[in-house]
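As C-alpha cells, the structure follows; a few thoughts come after it.
Heavy-atom basis, side chains included; hydrogens, waters and symmetry copies ignored. By convention in this document, chain letters (A, B, ...) are assigned in the order of the sequence lines, proteins followed by strands, and residues within each chain are numbered from 1.
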Amino acid sequence: MAYSDKIVDHFQNPRNVGSMDTASPKVGTGIVGAPECGDVMKLQIMVDDKQRIVDAKFKTFGCGSAIASSSLATEWIKGRTLDEAMELKNTDIVTELALPPVKIHCSVLAEDAVRAAIADVKKKMNGKQENAVAGAHAAAK
Amino acid sequence: MRMSPAPENSARRCPQCDAQLNNWIACDSCESLFDVDRPVTHFELFDLPQGFGIDHELLSRAYRKLARRVHPDRFADGSERDRELATRLSARLNEAFQTLRDPVRRADYLLTQLGGPTAAECREVPGSLLAEVMEIREKIEEAKSKGDSSSFEALHEAITARRDSTIHGIEALCAKLDGAPGETGRELRKLLNSMKYFDNLLSDLAGDPLSKSTVSVAP
C-alpha cells in the first residue's frame with residue numbers, strides 16, 4: 001500500500017510530541033484507544049484565559065497513520081478557541097493525509113482525542129467556577 | 001449455559017446415497033461433500049452443546065474426524081465443485097476449531113451468538129484501562145531508552161498478570177451468561193476489548209531485542 005508523502009512526513013517528523021502536567025487546571029487530557037488494533041493516543045491541550053489553545057502535545061502508540069493523524073490534529077488546533085477546535089472533523093484529516101480506507105479509524109481516533117481533551121479542560125474550568133461559587137456561598141455564611 | 005442441539009441433524013439424509021447424515025458437511029457413507037445448507041454455528045458443526053464450558057477432548061476428536069473427511073488431498077482428482085468445496089469446508093472447519101479452542105475467541109464468539117454486543121456495537125473498555133495502558137507504554141519507552149533490563153522483567157510480569165486476570169474475568173462472566181447477555185454481556189465485551197491492548201504491550205516488549213535477552217535470563 002502506498003502512503004502519501006504527508007503521512008510519511010508526519011510519521012517521521014511528528015510535531016508536538018510530548019506530555020503536559022495532567023493536574024494543571026489549564027491542561028485538558030484526552031486518552032482514547034481503538035480496541036480492534038490496540039492503539040492508544042494521548043492528546044493534551046493548554047488553554048489561556050480566553051479559552052484559546054496555546055499549546056498541544058500528543059503521544060501515540062500505534063501505527064504510522066495514527067501517529068500522523070494525531071500529529072496533524074495538534075498542529076491544526078493550536079491557536080484555535082475550544083469552540084473552533086470542536087469543529088475539527090476526522091474527514092479533514094483523511095483528506096489532508098490521503099488516508100487509505102482501512103486507516104480512516106485512525107483519523108476518528110484523533111478527532112475523539114481532541115474532543116476528549118476539550119471536554120476535560122472544560123470540566124476543569126466549570127469545576128473551578130462551581131468551586132468559586134461554592135466558596136463564595138461558604139464565605140457568605 | 002444455553003444448550004442448542006441440532007434436532008434436524010439426525011433426520012437429514014444424504015442427497016447422493018440417502019444414508020443418514022451424522023454431520024453438516026460430509027456423508028460418512030458415500031463420502032460426498034455438502035454445502036452447509038443453513039447457517040450452522042461452530043458448536044453445531046462439531047455437534048457440541050452451545051456454551052462456554054466445552055469438552056476439549058470431544059472438540060479435538062470431532063475436528064480431526066471432520067477434517068479428514070473434507071481434506072482437499074482426498075479430492076485432488078475430484079470434480080471442480082468437490083475441490084472447491086473441500087477447500088472451503090476445510091477453511092471453515094479450521095476457523096471454527098481455532099475459535100472454540102481459545103477461551104478468549106470462544107467467549108467473543110459465544111457473546112456474539114447470544115446477541116452481543118459485538119465489538120463494533122460496544123467499543124468501551126473498563127474504566128481507567130486506557131490511562132493504565134498509556135502509563136505502561138511510557139514505562140516501556142523509558143526502560144528502552146535507559147536499557148534497563150530489570151524494568152523490562154517487572155513490566156513483562158505485571159502486564160502478564162493483568163492479562164491473566166482479565167482472562168479469568170472473561171471466564172467468570174461467561175459462566176454467568178444465560179440467554180440474553182444484557183449487562184453481563186456488556187461487561188464481557190469491555191473485557192474482551194481490553195485484550196488487544198495487553199497483547200500489543202507484550203509484543204512491544206517481546207519485539208525489543210533487549211527484552212528478549214532479559215526474558216531468556218529470567219529464573
Side-chain angles (χ1 to χ4, degrees), chain A residues 11 14 16-24 27-45 56-67 69-71 73-74 90 101-117 119-121 123-124, chain B residues 104-105 107-108 111-112 116-145 155 159-160 162-163 166-167 169-170 185-208 211:
Chain A
F11 172 60
N16 308 311
V17 174
S19 284
M20 296 180 195
D21 177 15
T22 312
S24 163
V27 171
T29 304
I31 301 180
V32 295
E36 53 278 74
C37 56
D39 289 0
V40 276
M41 187 180 284
K42 178 172 79 174
L43 193 145
Q44 295 181 297
I45 53 173
K57 296 273 184 219
F58 83 95
K59 261 192 185 182
T60 294
F61 295 95
C63 66
S65 299
I67 291 170
S69 294
S70 38
S71 170
T74 54
N90 83 290
V102 292
K103 292 297 180 180
I104 287 176
H105 72 275
C106 300
S107 67
V108 175
L109 211 55
E111 183 191 309
D112 288 348
V114 169
R115 284 165 189 264
D120 184 50
V121 79
K123 203 172 88 188
K124 280 181 180 175
Chain B
V104 175
R105 290 185 63 179
D108 191 336
L111 178 58
T112 304
T118 62
E121 287 162 353
C122 170
R123 296 168 50 82
E124 293 167 59
V125 288
S128 56
L129 180 90
L130 290 176
E132 187 189 344
V133 169
M134 186 51 80
E135 200 179 309
I136 298 172
R137 283 284 184 188
E138 287 173 347
K139 282 183 186 161
I140 294 176
E141 226 185 14
E142 200 185 312
K144 276 184 184 174
S145 70
L155 283 166
I159 301 164
T160 307
R162 279 288 281 126
R163 187 180 183 278
T166 302
I167 294 177
I170 287 170
R186 200 162 194 84
E187 290 308 310
L188 176 57
R189 179 55 67 193
K190 285 189 195 175
L191 290 184
L192 288 169
N193 283 347
S194 51
M195 289 305 293
K196 185 74 186 158
Y197 293 100
F198 296 125
D199 290 344
N200 277 14
L201 288 173
L202 287 174
S203 67
D204 185 19
L205 271 179
D208 190 277
S211 82

Looking only at heavy atoms, which of residues 190-199 of chain B get nearer than 4.5 Å to chain A? B/Asn193, B/Lys196, B/Tyr197
Checking heavy-atom separations under 4.5 Å from chain A, one finds in residues 129-142 of chain B B/Leu130, B/Ala131, B/Val133, B/Met134, B/Arg137, B/Glu138, B/Glu141
Contacts of A/Ser65 that satisfy side chain to side chain donor-acceptor pair (under 3.5 Å) - sequence neighbours left out: none
Of the backbone (N, CA, C, O) and the side chain (C-beta and beyond), which part of A/Thr22 lies under 4.5 Å from a heavy atom of chain B, both, or neither? neither
Looking at B/Leu201, B/Asn200, B/Val125, which makes the most heavy-atom pairs under 4.5 Å with chain A? B/Asn200
For B/Asp108, check salt bridge (Lys or Arg N to Asp or Glu O under 4.0 Å) against everything at least two apart and list the hits. B/Arg189
